[in-house]
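These notes concern the structure reproduced below.
In what follows, chains carry the letters A, B, and so on, assigned in the order in which the sequence lines appear, proteins first and then strands, with residues in each chain numbered from 1.
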Protein chains: 2
Amino acid sequence: MSSESTSHKDKKVISIGIVRELTGLSLRQIRYYEERKLIFPVRNEKGTRRYSFSDIEKLIEIANKREEGVQTNEIRREMNKETKPVEKRMLKEMLRGQFNAHFRNNSNNKPF
Amino acid sequence: MSSESTSHKDKKVISIGIVRELTGLSLRQIRYYEERKLIFPVRNEKGTRRYSFSDIEKLIEIANKREEGVQTNEIRREMNKETKPVEKRMLKEMLRGQFNAHFRNNSNNKPF
DNA sequence: CGTGTAAGGAATTCTGACACG
DNA sequence: CGTGTAAGGAATTCTGACACG
């Protein structure tokens, strides 16, 4: 009876055509932003790309930045700066040396 | 700034091939269950079906029922019995006679 | 640098139908 | 009733490349 905390936001199930519809970007742009390491779709057996809702949100952010004239290199730097909250907390914990303590007898951890 | 309360669970963005991967059902079965009014994918401009995560969960339920030998007709009846929470609340409101009050200054939606 | 486009091939999806049962 | 399959067509996706700038 476990409910996935990441919900469906990070499941890579959306094909590039739908991403185009949802973001308004061209296929060329979507693939190019992958080449520039801004997004990371997975591939299924046949090699076609699959995106998540998170990827789509990221692409919309990218599109906005690009409209402001920000280059892909700069966008990548900005995105790496904002580490996600969960990761931040994990990082802190590890630095505190409490990483092991936390997982010792608490196998069903609730991060929030 | 608004966060959708239905999250991404009901967004119809998944193609039938991915649904096959996620459910283990054949394309034939997935299309047939639609014909039997058990699921309701949307179509994009070109006519290809798009499913939501909810649809996938529904299909898994259907697959389980079918394995038990339950017929599609019976499955449909069972599913119609369990009305969803949101719909239940709307139903209550309508019965209370507050339906019109609720939509009074909001003429842009035509309920069914 | 970022994006468009034409090119050829491979994989996807669609519908209506026949089959079995 | 529920599902498989072959059939033909239309739409999708992929890659590498040339173009402009």
Side-chain angles (χ1 to χ4, degrees), chain A residues 11-80, chain B residues 11-80:
Chain A
K11 269 213 143 183
K12 307 269 189 175
V13 295
I14 307 173
S15 61
I16 196 165
I18 308 278
V19 175
R20 174 181 49 69
E21 285 176 27
L22 264 41
T23 62
L25 294 167
S26 69
L27 303 183
R28 184 68 165 98
Q29 288 174 310
I30 298 168
R31 294 187 187 121
Y32 181 67
Y33 298 150
E34 176 184 1
E35 190 184 318
R36 301 314 314 277
K37 311 283 187 200
L38 295 178
I39 49 170
F40 305 94
V42 299
R43 303 292 183 114
N44 68 356
E45 322 76 55
K46 307 302 178 56
T48 68
R49 279 167 263 248
R50 300 299 175 203
Y51 302 83
S52 66
F53 283 108
S54 296
D55 290 329
I56 286 166
E57 289 169 16
K58 229 169 170 184
L59 280 168
I60 291 170
E61 274 190 64
I62 293 167
N64 289 148
K65 294 283 170 69
R66 284 292 303 127
E67 271 178 33
E68 296 169 21
V70 186
Q71 294 197 337
T72 54
N73 254 315
E74 184 55 33
I75 296 174
R76 188 182 329 108
R77 264 183 247 117
E78 287 175 20
M79 288 187 148
N80 289 341
Chain B
K11 269 214 142 180
K12 308 269 189 175
V13 295
I14 308 175
S15 62
I16 196 165
I18 307 278
V19 175
R20 174 180 50 67
E21 286 176 27
L22 264 40
T23 62
L25 294 168
S26 69
L27 303 185
R28 184 67 164 100
Q29 289 174 309
I30 298 168
R31 293 188 189 120
Y32 181 67
Y33 298 150
E34 175 184 0
E35 191 185 319
R36 301 312 314 274
K37 311 285 188 198
L38 296 177
I39 48 169
F40 306 93
V42 298
R43 304 291 184 114
N44 67 357
E45 323 76 56
K46 308 301 177 59
T48 68
R49 279 169 261 251
R50 300 299 175 203
Y51 302 83
S52 66
F53 283 109
S54 297
D55 291 329
I56 286 166
E57 289 169 16
K58 231 170 169 182
L59 281 169
I60 291 169
E61 274 189 66
I62 293 167
N64 290 147
K65 294 282 172 67
R66 283 293 304 127
E67 273 178 32
E68 297 170 21
V70 185
Q71 294 196 337
T72 54
N73 253 316
E74 185 56 34
I75 296 174
R76 190 185 326 109
R77 264 182 246 116
E78 289 175 18
M79 287 187 153
N80 288 341

Using a strict cut-off of less than 4.0 Å between a Lys/Arg side-chain nitrogen and an Asp/Glu carboxylate oxygen, indicate whether A/Arg49 and A/Glu34 qualify as a salt bridge.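 The answer is yes: the pair qualifies as a salt bridge.
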Atom-to-atom span, [atom1] of [X] to [atom2] of [N] - whole angstrom:
X: B/Ile14; N: C/dT13; atom1: CD1; atom2: P; answer: 12 Å
X: B/Arg43; N: D/dA10; atom1: CZ; atom2: P; answer: 17 Å
X: B/Leu59; N: D/dG2; atom1: CG; atom2: P; answer: 15 Å
X: B/Lys46; N: D/dA10; atom1: NZ; atom2: C1'; answer: 10 Å
X: B/Ile30; N: D/dG2; atom1: CD1; atom2: C1'; answer: 14 Å
X: A/Ile18; N: C/dT12; atom1: CD1; atom2: C1'; answer: 13 Å
X: B/Ile75; N: D/dG2; atom1: CD1; atom2: P; answer: 8 Å
X: A/Glu45; N: C/dT12; atom1: CD; atom2: C1'; answer: 12 Å

Say whether, by atom type as modelled, one donor and one acceptor occur between the side chain of [X] and the main chain of [Y] under 3.5 angstrom.
X: B/Lys12; Y: B/Phe40; answer: yes
X: B/Arg76; Y: B/Arg36; answer: yes
X: A/Arg28; Y: A/Tyr32; answer: no
X: B/Arg31; Y: B/Glu35; answer: no
X: A/Glu57; Y: A/Ser54; answer: no
X: B/Glu67; Y: B/Asn64; answer: no

Considering every strand and a 4.0 Å limit on heavy-atom distances, what is the contact class for [X]: base, sugar-phosphate, or nothing?
X: A/Arg50; answer: nothing
X: A/Arg49; answer: sugar-phosphate
X: B/Arg31; answer: base
X: B/Arg20; answer: nothing

Among [options], the one nearest [X] by side-chain distance:
X: A/Arg36; options: C/dG2, D/dG2, D/dT13; answer: C/dG2
X: A/Tyr32; options: D/dT12, C/dG2, C/dT12; answer: C/dG2
X: A/Tyr33; options: C/dT3, D/dG2, C/dG2; answer: C/dT3
X: A/Gln71; options: C/dT13, C/dG2, D/dC14; answer: C/dG2

Starting from the 5' end of DNA chain D, give me the residue, B/Thr48 or B/Arg66, whose nearest nucleotide shows up first.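 First, find each residue's nearest nucleotide; the 5'-ward one identifies B/Arg66.
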DNA chain C: 5'-proximal contact among A/Asn44 and A/Thr72 (nearest heavy atom):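 In this pair, the answer is A/Thr72.
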Any stems for DNA chain D, made of 3 or more Watson-Crick or G-U pairs in a row, each with both distances under 3.5 Å?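 Ordered by first number, the stems with DNA chain D (at least 3 consecutive pairs each) read C:2-5 with D:17-20, C:17-20 with D:2-5.
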For residues A/Thr48 and A/Arg43, determine if any side-chain heavy atom of one lies less than 4.5 Å from a side-chain heavy atom of the other.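 No, their side chains stay 4.5 Å or more apart.
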Set out, in order, the CA-CA distance, both residues' side-chain angles and the distance that settles side-chain contact (heavy atoms from CB on, under 4.5 Å) for B/Met79 and B/Ile62, then state yes or no. CA-CA 10 Å; B/Met79 287 187 153; B/Ile62 293 167; 3.7 Å; yes
Find every protein N or O atom lying less than 3.5 Å from an N or O atom of nucleotides 4-6 of chain C, and list the pairs.
unit_1, atom_1, unit_2, atom_2, d
C/dG4, OP2, A/Ser26, OG, 2.5
C/dG4, N7, A/Arg28, NE, 3.2
C/dG4, O6, A/Arg28, NH2, 3.0
C/dT5, O4, A/Arg28, NE, 3.3

A/Ser15 side-chain N/O to C/dT12 phosphate OP1/OP2 under 4.0 Å: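 No, no such contact exists.
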Decide side chain to side chain donor-acceptor pair (under 3.5 Å) for A/Asn80 and A/Arg77; before the verdict, give the C-alpha distance in whole Å, the side-chain angles of both, and the deciding distance to 0.1 Å. CA-CA 5 Å; A/Asn80 289 341; A/Arg77 264 183 247 117; over 6 Å; no
